[in-house]
*Asks:* 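To start, I am sharing the structure in question, which I have written as structure tokens.
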Amino acid sequence: MSDSNDLLADLTDDQRAAVTHGEGPLLILAGAGSGKTRVITRRVAHLLRSGVRASNILAITFTNKAASEMKNRVEKLAPGNRVWVSTFHSLGARLLRQYAERLGFDRNFTIYDVDDRNKLVKDALEASGMDNVKFSPERVGGAISKAKNQLLTPPQYERTATDFFQQVVGKVYHGYEKRLRKANAMDFDDLLYLPAMALKTNEELRAELDARFKYVLIDEYQDTNSAQYQIVKQLSLNYPNLCVVGDPDQSIYKWRGSDIKIILDFERDFPDSRTITLAQNYRSTKSIIHAASVLIDHNKQRKKKDLVTDNPQGDPVRVITFDNGLDEAEGVVLRIKEAVKSGKFKYRDHAIFMRINALTRSLESAFVKHGVKFQIVKGLAFFERKENRDVLAYLRLLANPQDTVSFLRVVNEPGRGIGKVSLDKLQGFAADQEIGLLAAAGQVAKITEIRGKAVSGLRDFHRMMSDLRARLDLPPHDLVRLVLEKSGYEAMLRDSTDEDDAERLANVGELVTAAKQFWDEDNTRTITDFLEQITLASDVDGWDEQADHVSVMTLHASKGLEFPVVYVLAVEEGLLPHERSMGRDDEIEEERRLCFVGMTRAMKELYMCHARMREFRGQLNYCIPSGFLQELPRGGVEFIDPSMARNAARTAADEWRLKASSAAKDWADTGARPFIPPRKPNPELKPTIPDAPDTGLAVGVLVQHEEFGLGNVTDVSGYGALRRVKIRFPAHGEKVFAGDKIRLKVVGRKKA
DNA sequence: CCGGAAAGGGTTTTT
DNA sequence: CCCTTTCCGG
């Protein structure tokens with residue numbers, strides 16, 4: 001049972017110290033690629049081998065995929081030990097179900113995602129009579145989410161509300177909570193908020209769980225929010241054997257309530273803690289580490305920290321300039337194809353990252369066009385399709401008859417002649433009687449205001465759901481099949497003439513397969529478990545890392561992963577950094593960290609791409625290279641512009657240009673000229689520095705106007721005479737300029 | 001009172 | 001460009 005060589009032999013001194021650290025708080029500051037996952041896993045195995053019982057260990061990871069990987073690795077290192085590894089949200093859900101009675105909840109609660117939440121918020125907003133103020137449910141819901149993350153109750157929030165928006169949110173927060181509880185539902189934030197509150201107010205429960213989880217390990221601690229921190233803290237009072245691992249430079253979820261201060265204050269929060277820094281990088285080449293380090297060093301609110309590696313220098317980081325977004329997608333796919341053809345890499349060695357999901361579209365067609373296998377890593381996408389959401393809503397309503405959102409989603413899908421007016425009446429009746437909507441449907445005969453088809457529709461719906469509910473103990477996949485049959489959903493799709501419905505039919509069939517697989521893995525799991533797993537799945541949970549394909553994902557999803565070759569797309573002002581972060585120092589710094597995270601995923605080759613123009617929601621816009629590109633070191637970075645190497649070959653850009661010039665003829669009387677994309681006249685293939693921002697107006701550009709003075713470009717659309725430029729002047733507000741003869745001068749990029 | 005067609009509005013990142 | 005809301009015919 002003593003330390004075996006296999007756990008420690010291949011570790012550095014620092015890593016070994018982290019693995020073998022005994023009792024007491026431990027902070028591991030682990031730079032990118034420093035082997036932190038390995039350290040946590042080994043530490044868990046080491047604890048087990050030193051006699052700690054598996055049931056006394058709790059490990060928190062950022063995704064369910066990471067959790068199951070860690071579980072498996074630990075079991076290999078210390079066979080027979082089943083350690084509790086999960087995400088914060090899964091932990092919360094499990095605790096709430098386990099202690100449901102003690103905490104006064106029904107353990108069959110439904111977990112509402114953001115869409116469900118917004119529907120409920122909308123209802124609460126309308127009921128509060130404040131819906132005429134034009135605050136969107138999304139915005140109000142976001143504010144409520146933030147409040148819960150800070151553990152503010154509705155009365156507390158109302159007390160601290162200062163402006164009008166917050167007052168409205170405070171009102172709606174009350175109503176929203178009431179509706180949630182009535183629906184026997186928890187939103188994502190509840191899964192943290194309620195356990196955190198329970199631990200704070202219920203000392204008996206707190207002490208019990210603290211003693212149960214004597215050893216707590218947390219990965220990605222830099223992205224912990226207040227509610228999560230409270231949970232951690234309350235579980236580490238009597239047994240402060242808390243080990244947290246993180247890297248402040250990789251904190252990218254501030255917008256979701258994460259607070260970088262939590263990791264920075266660890267040493268103060270947990271007295272007698274030990275801190276171990278892992279600065280050695282084992283993942284990337286020197287070129288990549290150097291470029292990423294120089295970039296992140298531009299963050300002012302940062303404790304300076306050096307990342308070092310003994311790896312070879314490697315190829316320079318390459319910045320590639322494309323004419324437009326289509327060229328970029330195609331160019332990257334072709335480069336990957338070439339690298340595979342030459343035998344240098346496999347498809348699965350490649351990953352493509354981007355700031356926003358919308359950019360995957362053009363990539364998708366480029367992949368299809370060139371026959372390159374790829375996976376867009378977005379785990380929930382399949383379950384988010386309308387038809388699957390519908391079927392899942394039936395299941396949710398079966399598992400939890402109080403679930404109002406699901407009831408309203410499926411009660412008339414397929415059509416049963418139940419319209420909005422009838423449903424309003426039904427909701428009124430349910431509220432009066434203080435019963436759920438499904439129960440109210442069962443008493444539709446008593447609701448005299450509802451007439452006609454709606455009466456039989458509601459009655460039949462209720463009867464059908466009652467019959468199904470009697471079969472709730474069926475294995476999940478059998479229940480899905482039964483729902484498809486009895487609800488008429490399958491028949492609706494099968495009998496449809498709409499071509500798309502054939503695909504939808506196949507999709508809901510896939511849902512049966514998914515449920516079957518879920519049950520095959522562990523046949524003690526129920527439909528509620530199935531639904532929970534789907535709702536709490538993260539994007540990377542659906543990622544197949546074994547298959548030989550190119551992986552495409554957002555920068556956020558890339559956290560914690562590594563690939564031999566990485567392409568980061570659209571490194572442009574407005575996208576990375578995203579325009580919504582413009583003008584706020586701390587948010588620009590988070591965007592820079594996001595860029596840093598993407599870069600440090602690369603092991604051997606790193607490509608940062610940008611385009612001169614890009615189509616965005618049907619509009620073609622100028623793009624200026626991201627300021628981040630200009631922050632990269634001059635040495636070790638190579639600038640490539642394929643358009644200069646090209647002679648007569650026609651590209652997508654040329655085709656677009658032809659279209660643009662013929663379109664421009666129609667505006668000849670307005671004085672418009674065909675748009676010619678900026679081109680460097682450099683005939684040689686010498687590396688060049690990306691275009692300076694004086695090539696055109698773009699979002700984020702600082703301009704000088706003759707009359708209004710200095711201003712910041714907030715929007716650009718169209719070109720030639722149809723161009724519209726929106727500029728915000730500090731003294732004059734926002735103004736829109738039309739055409740291309742505006743009397744202003746580009747001064748530079750807006751500096752924070 | 002219901003369901004389909006047309007117009008209008010809004011778009012980061014995710015558990 | 002896509003989804004939601006609104007409007008109108010049956």
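Below, chains carry the letters A, B, ... as their sequence lines are ordered, and counting in each starts from 1.
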*Asks:* Any side-chain to backbone donor/acceptor pair from A/Arg107 onto A/Arg97? Under 3.5 Å, distance only.
*Replies:* yes
*Asks:* Using the side-chain heavy atoms of A/Val114, tell me which of these nucleotides is nearest: B/dT14, B/dC2, B/dT15.
*Replies:* B/dT15
*Asks:* Could you check whether A/Asn412 gets within reach of a base, just the sugar-phosphate, or nothing at all, counting any heavy atom under 4.0 Å?
*Replies:* sugar-phosphate
*Asks:* If only side-chain N and O atoms count, and only distance matters, is there a donor-acceptor pair under 3.5 Å linking A/Tyr112 with A/Asp403?
*Replies:* yes
*Asks:* Look at A/Ser136 and B/dG10 and indicate whether a side-chain polar atom (N or O) is within less than 4.0 Å of OP1 or OP2.
*Replies:* no
*Asks:* Expressed in angstrom and rounded to an integer, what is the separation of A/Leu569 atom CG from B/dT13 atom P?
*Replies:* 15 Å
*Asks:* Rounded to the nearest angstrom, tell me the gap between atom CG in A/Asp223 and atom C1' in B/dT15.
*Replies:* 12 Å
*Asks:* Pick base, sugar-phosphate or nothing for A/Asn357, based on heavy-atom distances below 4.0 Å to the nucleic acid.
*Replies:* sugar-phosphate
*Asks:* Expressed as a whole number of angstroms, how long is the span from A/Glu579:CD to B/dT12:P?
*Replies:* 9 Å
*Asks:* Quick one: do A/Lys254 and A/Asp259 make a salt bridge, cutoff under 4.0 Å?
*Replies:* no
*Asks:* Of the residues in residues 552-562 of chain A, which ones touch DNA chain B at a heavy-atom distance under 4.0 Å?
*Replies:* A/Thr554, A/His556
*Asks:* Check the pair A/Arg614 / A/Glu328 against salt bridge (Lys or Arg N to Asp or Glu O under 4.0 Å), numbers first and verdict last.
*Replies:* CA-CA 10 Å; A/Arg614 189 177 294 281; A/Glu328 180 190 51; 3.0 Å; yes
*Asks:* Given side chain to side chain contact (heavy atoms under 4.5 Å, CB included), test A/Leu192 with A/His89 step by step and report yes or no.
*Replies:* CA-CA 6 Å; A/Leu192 309 173; A/His89 287 86; 3.6 Å; yes
*Asks:* Applying a 4.0 Å non-hydrogen cut-off, can you work out what A/Lys386 is touching in the nucleic acid: base, sugar-phosphate, or nothing?
*Replies:* nothing
*Asks:* Do A/His556 and A/Tyr253 have ring centres separated by under 6.0 Å?
*Replies:* yes
*Asks:* When you measure from the side chain of A/Ala454, which nucleotide among B/dT14, B/dT13, B/dC2 comes out closest?
*Replies:* B/dC2
*Asks:* Where each residue is assigned the nucleotide of DNA chain B containing its nearest heavy atom, which of A/Ile356 and A/Leu192 is assigned the position nearer the 5′ end?
*Replies:* A/Ile356
*Asks:* Ion pair present between A/Arg117 and A/Glu138, side-chain N to carboxylate O less than 4.0 angstrom?
*Replies:* no
*Asks:* Between the protein and nucleotides 1-10 of chain C, list every N/O to N/O distance that falls short of 3.5 Å.
*Replies:*
unit_1 : atom_1 : unit_2   : atom_2 : d
C/dT5  : OP1    : A/Lys122 : NZ     : 3.0

*Asks:* Taking atom P of B/dC2 as reference, at what distance in whole Å does atom NZ of A/Lys453 sit?
*Replies:* 8 Å
*Asks:* Only one of A/Asp115, A/Asp116, A/Asp390 clears salt bridge (charged side-chain N to carboxylate O under 4.0 Å, His left out) with A/Arg409; which?
*Replies:* A/Asp390
*Asks:* Compute both the distance and the angle, then confirm whether A/Arg525 meets the cation-pi test with A/Phe518: under 6.0 Å from the six-membered ring centre, within 45 degrees of the axis.
*Replies:* yes
*Asks:* In whole Å, what is the span from the CZ atom of A/Phe353 to the C1' atom of B/dT12?
*Replies:* 17 Å
*Asks:* Answer yes if the ring centres of A/Phe374 and A/Trp543 are under 6.0 angstrom apart, and no otherwise.
*Replies:* no
*Asks:* Rounded to the nearest angstrom, tell me the gap between atom CG in A/Asn225 and atom P in B/dT14.
*Replies:* 17 Å
*Asks:* Nearest nucleotide by nearest heavy atom, which residue falls closer to the 5' end of DNA chain B, A/Arg580 or A/Leu423?
*Replies:* A/Leu423
*Asks:* Is any side-chain N of the basic residue among A/Glu177 and A/Lys148 closer than 4.0 Å to the acidic one's carboxylate O?
*Replies:* yes
*Asks:* Would you mind reading off the distance between A/Glu138 atom CD and B/dT12 atom P, rounded to a whole angstrom?
*Replies:* 10 Å
*Asks:* With heavy atoms under 4.0 Å as the rule, sort A/Phe88 into base, sugar-phosphate or nothing.
*Replies:* nothing
*Asks:* Does the ring of A/Trp255 meet both stacking tests against the six-membered base ring of B/dT12: centre distance under 5.5 Å and plane angle under 30°?
*Replies:* no
*Asks:* Side-chain N or O of A/Ser538 versus OP1/OP2 of B/dT15: is the shortest distance under 4.0 Å?
*Replies:* yes
*Asks:* Indicate whether OP1 or OP2 belonging to B/dT15 is found under 4.0 Å from a side-chain N or O atom of A/Asn149.
*Replies:* no
*Asks:* Measure CD1/A/Ile111 against C1'/B/dT15 and give the value in whole Å, please.
*Replies:* 10 Å
*Asks:* Any idea which of B/dT14, B/dT12, B/dT15 is nearest the A/Arg355 side chain?
*Replies:* B/dT12
